[in-house]
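Worksheet: one structure, shown below.
Protein chains get the first letters and strands the later ones, always in sequence-line order, with residue 1 at the start of each.
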There are 2 protein chains.
Amino acid sequence: MRRRYRAPMAPSEPQRRTTVHDIAAAAGVSRGTVSRALNGGYVSAAARAAIEEAIAGIGFVPNTAARTLRTRRSQAVAFVALGQHAGAFADPNIGAVMLAANAVLSGADHQMVNLLLESPRDTERVARHLSGGFVDGAIVVSARAGDPIIKVIRDLRLPAAVVGHPPDLGDAVPYVGIDNETAAREIVSRLLATGRRRTGMIAAAQDRDSCTDRLAGYRSAMGPAFEEHLVVRVPGHDHRCGADGMRLLLEREPAIDGVFAASDVLAAGALEALREAGRAVPGDVGVVGFDDSPWAVWSQPRLSTVRQPIEEIGSAAAHLVLRQLRGEPVDPGGRILPTTTVWRDSA
Amino acid sequence: MRRRYRAPMAPSEPQRRTTVHDIAAAAGVSRGTVSRALNGGYVSAAARAAIEEAIAGIGFVPNTAARTLRTRRSQAVAFVALGQHAGAFADPNIGAVMLAANAVLSGADHQMVNLLLESPRDTERVARHLSGGFVDGAIVVSARAGDPIIKVIRDLRLPAAVVGHPPDLGDAVPYVGIDNETAAREIVSRLLATGRRRTGMIAAAQDRDSCTDRLAGYRSAMGPAFEEHLVVRVPGHDHRCGADGMRLLLEREPAIDGVFAASDVLAAGALEALREAGRAVPGDVGVVGFDDSPWAVWSQPRLSTVRQPIEEIGSAAAHLVLRQLRGEPVDPGGRILPTTTVWRDSA
DNA sequence: TTGTAGGCGTTATCAG
DNA sequence: CTGATAACGCCTACAA
């Protein structure tokens, strides 16, 4: 039952909102008293009651901008995601980090604001936001070497924490992450221990520390058996890249019997290519991934992979920022959290 | 090469930042002139040059809080995601909407601020943020009937747009979405046209309009053939729910030869259950999904599904808010964007 | 074209 | 315990 005509909505003129002033007048006290009542200072029971009644009656929400201006604190922390091309927020890892960080910040009564960086134009505007007192601190995820936003944060001395550690990070900003190299070495070693003779790797673009480190771990596990042509590099993290990478690997080394993919989604793509090629997994070829993402459990067969303590990473980053906000000293450098190898059916 | 000892970072005392005042002094002009130079007013070439030099020399970023307080505009728009339990931001649909909205807002030099709502505590704080002049407008995604944040926005008369339309939305907030019912009817009809006799549906929890509408579309396509026991309801959108739902359906109706899943991820789960049960897809059972998400193309076989114009939805929502911000009247009610049926291999 | 001054809504200081 | 009063940093009449 759709109405035939609906008047366009009036151009929204921001209605005047009630202020401390109004509350003070309604309650018959001074603005100072209202402010103290709100922020937990000494206020007589009578005054407090009058103020609460006034607020209940005419409603009141403190103006954030004014409060921020005065106190120099916004009670907000930025969650900055460097999203190149596609959705950084769509990455399940980042989503989980975000959720965990939000929970911690929320508990400390801080608002998490997500800032998405995609274009240079974004960078500039986000830099302005960070500099302009919009937030008290920042958590940065998926930064690459040379990301300008890191420099902005450092110059600003904005309390911050970085998830992962871009090579050029330095000591000015603490970070939290995992030991990608060791984790990769462990799972590859385990794969080799299942009797594989020719094990390759599907590696991703090398502009992020996690990628180089995982490759290093593979190399170290392979030891003298390492051969350059067993490593294919793919541009992105999607299953098509994984499939293409696997096909290339099969071409280069038809006798391949093991594959380490730099992420589960790549491994899932590899499974597809192997299926096409008529190779059995794990019979003919053992496959392992990284991340323990939804792909890992939905794949056929389910992937053996490395689980990162994502939630812990998110909350550690949040705590790192909060600690700085409270003025407590924090050790520079990184917090490395432990990973676990999850052994399933693909190897 | 790890240093053995690193001094803890000094508790960050927010350094004093340079203000218009400083720039004015350095450039030998008044604060008013500096402000005008920044905001495009009449300024002599000489003054402008001096000001720019001063800024280049000592650096300057306008204080957002002060500017917001004065102009009553924050140049920021909230992207509010009602994330129940798990990551709303992990949902690829929401991620894509977000990206598209960000692109539009970014082009209009507005900052998109993501606000994540999970707990009641979040709701309260986010309401405060929206009310407190932190943002000029809001885009709301995945709201359900009765979500308190909608009421907050309505009461505030905050320029906003809702993605999807919770049943109790009313006319105060414009929305943008798709016609779930028609889209569902179309794809189910097409499935039926492949000669299926017993077609069931895996439906999700009914607290969201999209779910009820998709169910309605299925029902309408089925016509007199509709039977209550052919519909199973599952609590969430993950592939396990899909698999469980499919198993239940097989149990209730062993002769089933068609399934409409309310989302691709559910359909993917259904495929798994069908594989277990030894049913061929699409030979024995035809399966269709909804969303055209990554699941659809990675499944074996690839899913026939409904594609939503996600990017258009995101940018339409952003434009809706921007238009209100510019004071232009907008028609209340909804913008319904067209969907397309994507026919692949699963039916 | 430029300088001056008032005020946006809060909180904090300081007398009462 | 409470009430004035002065900032916080910026923009914008208004006057020069």
Side-chain angles (χ1 to χ4, degrees), chain A residues 13-52 54-55 58-76 128-129 131-136, chain B residues 13-52 54-55 58-76 128-136 156:
Chain A
E13 44 187 277
Q15 61 185 349
R16 187 175 131 43
R17 308 217 221 273
T18 87
T19 72
V20 203
H21 215 105
D22 304 323
I23 300 298
V29 297
S30 79
R31 304 185 315 231
T33 306
V34 174
S35 177
R36 250 163 305 157
L38 259 40
N39 302 312
Y42 286 143
V43 179
S44 69
R48 186 176 295 276
I51 290 168
E52 277 170 5
I55 291 182
I58 62 185
F60 170 67
V61 179
N63 179 305
T64 318
R67 171 179 283 176
T68 298
L69 179 57
R70 177 64 227 217
T71 62
R72 297 155 154 279
R73 301 220 105 178
S74 62
Q75 295 285 96
R128 237 163 43 217
H129 256 74
S131 326
F134 213 71
V135 297
D136 298 333
Chain B
E13 43 188 279
Q15 60 186 348
R16 189 175 131 42
R17 308 217 224 272
T18 85
T19 72
V20 244
H21 215 105
D22 304 324
I23 300 298
V29 297
S30 78
R31 308 184 321 233
T33 306
V34 174
S35 180
R36 251 164 320 198
L38 259 38
N39 302 312
Y42 285 144
V43 179
S44 69
R48 186 176 294 278
I51 290 168
E52 278 170 4
I55 291 183
I58 61 185
F60 171 65
V61 179
N63 180 305
T64 318
R67 170 179 283 174
T68 298
L69 180 58
R70 176 65 230 226
T71 62
R72 295 155 154 278
R73 301 220 103 178
S74 62
Q75 296 284 96
R128 237 162 45 216
H129 257 74
L130 295 182
S131 324
F134 212 73
V135 297
D136 298 333
L156 240 39

For atom CG of A:Leu69 and atom P of C:dA12, their distance in whole Å: 13 Å
Measure distances between side-chain N and O atoms of A:Arg70 and base N and O atoms of C:dT11, and say whether any donor-acceptor pair falls under 3.5 Å. yes
Run through B:Val34, B:Asn63, B:Ile51 and flag the one making a side chain to side chain contact (heavy atoms under 4.5 Å, CB included) with B:Val20. B:Val34
Under-3.5 Å donor-acceptor pair between B:Arg72 side chain and C:dG9 base: no
Hey, does the side chain of B:Thr71 come within less than 4.0 Å of D:dC11's phosphate (OP1/OP2), counting only N and O? no
Mind calculating the distance between CZ (B:Phe134) and P (C:dT10) to the nearest angstrom? 15 Å
Go through the structure and list residues passing salt bridge (Lys or Arg N to Asp or Glu O under 4.0 Å) with A:Arg128, not counting sequence neighbours. B:Asp109
Checking all strands, does B:Ser35 fall into the base, sugar-phosphate, or nothing category for heavy-atom contacts under 4.0 angstrom? base
Backbone N/O of B:Val29 and side chain of B:Thr33: donor-acceptor pair under 3.5 Å: no
Using five pairs at each end of the helix from C:dT1-D:dA16 to C:dG16-D:dC1 to define an axis, what is the angle between those two axes, to 10°? 40°
Figure out the CZ/P separation between B:Arg67 and D:dC8, and round it to whole Å. 19 Å
How many Å lie between OH on A:Tyr42 and P on C:dT13, as a whole number? 15 Å
In whole Å, I'd like the distance from the CZ atom of A:Arg73 to the P atom of C:dG9. 24 Å
When you check the phosphate oxygens OP1 and OP2 of C:dC8, does a side-chain N or O of A:Asn63 lie under 4.0 Å from one of them? no
Phosphate contact (D:dT2 OP1 or OP2) by A:Ser44 side-chain N/O below 4.0 Å: yes
Do the non-hydrogen side-chain atoms of A:Arg17 and B:Leu156 ever get within less than 4.5 Å of each other? yes
Point-to-point distance, once rounded to the nearest 0.5 Å, from CZ of A:Arg48 to CG of A:Leu38: 9.0 Å
Atom OG1 of A:Thr64 and atom NE2 of B:His129: how far apart are they, to the nearest 0.5 Å? 6.0 Å
Determine: side-chain N/O of A:Thr19 to OP1/OP2 of C:dG9, distance under 4.0 Å, yes or no. no
Whole angstrom value for the distance that separates C1' of D:dC10 from CD of B:Gln75: 14 Å
Side chain of A:Phe60 only, please: which of C:dT10, D:dG3, D:dC11 is the nearest? C:dT10
Regarding A:Ala65, tell me which of base, sugar-phosphate or nothing describes its non-hydrogen contacts under 4.0 Å with the strands shown. nothing
Grab the CZ-C1' distance between A:Arg36 and D:dT5 for me, whole Å please. 13 Å
Under 3.5 Å: donor-acceptor pair, side chain of A:Ser35, backbone of A:Arg31: no
Expressed in angstrom and rounded to an integer, what is the separation of B:Asp22 atom CG from D:dG9 atom P? 9 Å
